[in-house]
Amino acid sequence: MKKIFVCLLAMVGIMSLKAQTQVSNEKPETDLSSPWMEFVMDIKVTVDGAYGVGDTSHGNRFIIPITGGTFEGPNLKGTVIPGGADYQLIDTVKGRTELEAIYSIRTDDGVNIHVRNTGILYSGKNERDEDTYYFRTTPKFEAPKDSKYDWLNNYIFICVPQVLPDYILLKIWKVE
């Protein structure tokens, strides 16, 4: 019986520790010194084939046309307007790409929002000489001031992109 009690106590302790390390969607009230992130939306961007400008004075430039897509989150939903592009500057020696995607989205209630998403894609070795892959961006939104989406103008956002077979998935969080 004593062994069962000790096992139960150990399990409760492990479960309690596990619960403390899980990410919550509720804003913490005690520690205001650390950033906190809130999920905003997933954007599924469709693209056309990339074309190259060539080796410019800034590096090897590629452009990927944005053809459309959709987005959805707890407070907004809509489509990606065709006509934007992802402008990439590739350093093949260092395995690093700087990118800047410029496009617009339209909410289901008809509000147009401009997006400028800059970031870095790195594939190479880290400081411990291990293979690594890093792909992060920081989207900036320009929403009409008189719309219910004005809040997008006033925060910093972090994005984790994933390249999938049919689209590029952009998972976006607001930094508090």
Side-chain angles (χ1 to χ4, degrees), residues 18-48 50 53 58-59 61-91 94 96-123 126 132-164 166-176:
K18 193 173 187 178
Q20 291 174 9
T21 60
Q22 290 180 348
V23 176
S24 171
N25 282 336
E26 295 181 22
K27 187 174 183 179
E29 295 182 22
T30 55
D31 185 10
L32 299 178
S33 63
S34 297
W36 173 78
M37 295 194 308
E38 177 184 351
F39 175 74
V40 174
M41 71 178 119
D42 283 340
I43 304 178
K44 296 178 180 178
V45 179
T46 57
V47 297
D48 205 351
V53 172
H58 297 285
R61 173 71 68 188
F62 283 86
I63 294 131
I64 303 171
I66 294 174
T67 59
T70 60
F71 66 92
E72 186 169 357
N75 299 313
L76 67 170
K77 179 180 180 181
T79 58
V80 176
I81 300 171
D86 184 356
Y87 302 92
Q88 298 190 355
L89 200 55
I90 300 172
D91 182 341
K94 293 184 179 178
R96 184 175 189 275
T97 300
E98 292 182 21
L99 55 98
E100 180 176 30
I102 303 170
Y103 57 99
S104 294
I105 58 177
R106 180 173 294 134
T107 63
D108 278 357
D109 56 350
V111 177
N112 294 329
I113 300 168
H114 180 70
V115 183
R116 183 178 295 260
N117 195 1
T118 60
I120 295 172
L121 187 155
Y122 174 73
S123 179
N126 64 15
T132 188
Y133 178 80
Y134 181 85
F135 193 8
R136 299 291 185 269
T137 64
T138 54
K140 286 186 177 182
F141 298 95
E142 290 180 35
K145 292 188 295 186
D146 61 350
S147 75
K148 68 181 183 180
Y149 306 103
D150 177 49
W151 61 272
L152 288 166
N153 298 314
N154 302 315
Y155 289 94
I156 295 202
F157 298 87
I158 299 292
C159 173
V160 179
Q162 290 178 291
V163 180
L164 300 171
D166 296 328
Y167 56 87
I168 298 167
L169 175 62
L170 308 173
K171 298 186 96 36
I172 298 175
W173 289 270
K174 174 177 75 167
V175 179
E176 289 279 338

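The basis for the numbers below is simple: all heavy atoms, side chains too, and nothing from hydrogens, waters or symmetry mates.
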Where K44 and L169 come nearest, the two heavy atoms and their spacing | CG-CD1, 4.0 Å
Approximate separation, where rounding is to 0.5 Å, of I113 CD1 and D150 CG = 10.0 Å
Going through the distances and angles, do Y87 and I63 end up as a side chain to side chain contact (heavy atoms under 4.5 Å, CB included)?
-> CA-CA 5 Å; Y87 302 92; I63 294 131; 3.5 Å; yes
About how many Å separate CZ of F135 and CD1 of I120, when rounded to the nearest 0.5 Å?
-> 11.0 Å
Show your reasoning for whether salt bridge (Lys or Arg N to Asp or Glu O under 4.0 Å) applies to K140 and E142.
-> CA-CA 7 Å; K140 286 186 177 182; E142 290 180 35; over 6 Å; no
Will you find, in the side chains of T137 and N117, an N or O donor that is under 3.5 Å from an N or O acceptor?
-> yes
Output for pair (T138 OG1, I172 CD1), nearest 0.5 Å, gives 10.5 Å
Would you list the atom pairs, donor with acceptor, under 3.5 Å between side chains in residues 101-111 and any protein atom, with sequence neighbours excluded?
| unit_1 | atom_1 | unit_2 | atom_2 | d |
| --- | --- | --- | --- | --- |
| R106 | NE | N112 | OD1 | 2.7 |
| R106 | NH2 | N112 | OD1 | 3.4 |
| T107 | OG1 | D109 | OD1 | 2.4 |
| T107 | OG1 | V111 | N | 3.0 |
| T107 | OG1 | V111 | O | 3.4 |
| D109 | OD1 | Y149 | OH | 2.9 |
| D109 | OD2 | Y149 | OH | 3.2 |

Is any side-chain heavy atom of L152 closer than 4.5 Å to a side-chain heavy atom of F157?
-> yes
Hey, is E176 close enough to K174 for a salt bridge, meaning N to O under 4.0 Å?
-> yes
How far does CD of E100 sit from CG of L89, to the nearest 0.5 angstrom?
-> 10.5 Å
Of all the heavy-atom pairs spanning L99 and Q88, show the shortest one and how long it is.
-> CB-CG, 3.9 Å
Within the side chain of N153, is there an N or O that forms a donor-acceptor pair under 3.5 Å with the backbone of A143?
-> yes
Taking the inter-plane angle between the rings of W173 and F39 on a 0 to 90° scale, is it parallel (under 30°), tilted (30 to 60°) or perpendicular (over 60°)?
-> perpendicular
Closest non-hydrogen atom pair, L121 against Y133 | CD1-OH, 4.0 Å
Could you tell me which non-hydrogen atom of V175 sits nearest to which non-hydrogen atom of I158, and how far apart they are?
-> CG2-CG1, 3.5 Å
Heavy atoms of other groups near I156 CD1, more than 12 under 6.0 Å | no
Here the gap from M41 atom CE to K77 atom NZ, rounded to the nearest 0.5 Å, amounts to 14.0 Å
Calculate, to the nearest 0.5 Å, the distance between atoms OH and CD belonging to Y155 and E38 respectively.
-> 8.5 Å
Check the pair V115 / F71 against side chain to side chain contact (heavy atoms under 4.5 Å, CB included), numbers first and verdict last.
-> CA-CA 13 Å; V115 183; F71 66 92; over 6 Å; no
Nearest heavy-atom contact between T46 and G69 is OG1-N, 3.8 Å
With sequence neighbours left out, write down each residue that passes side chain to side chain donor-acceptor pair (under 3.5 Å) with T79, or none if nothing qualifies.
-> none
Of all heavy-atom pairs between Y122 and K94, which one has the smallest distance, and what is that distance?
-> CE1-O, 3.2 Å
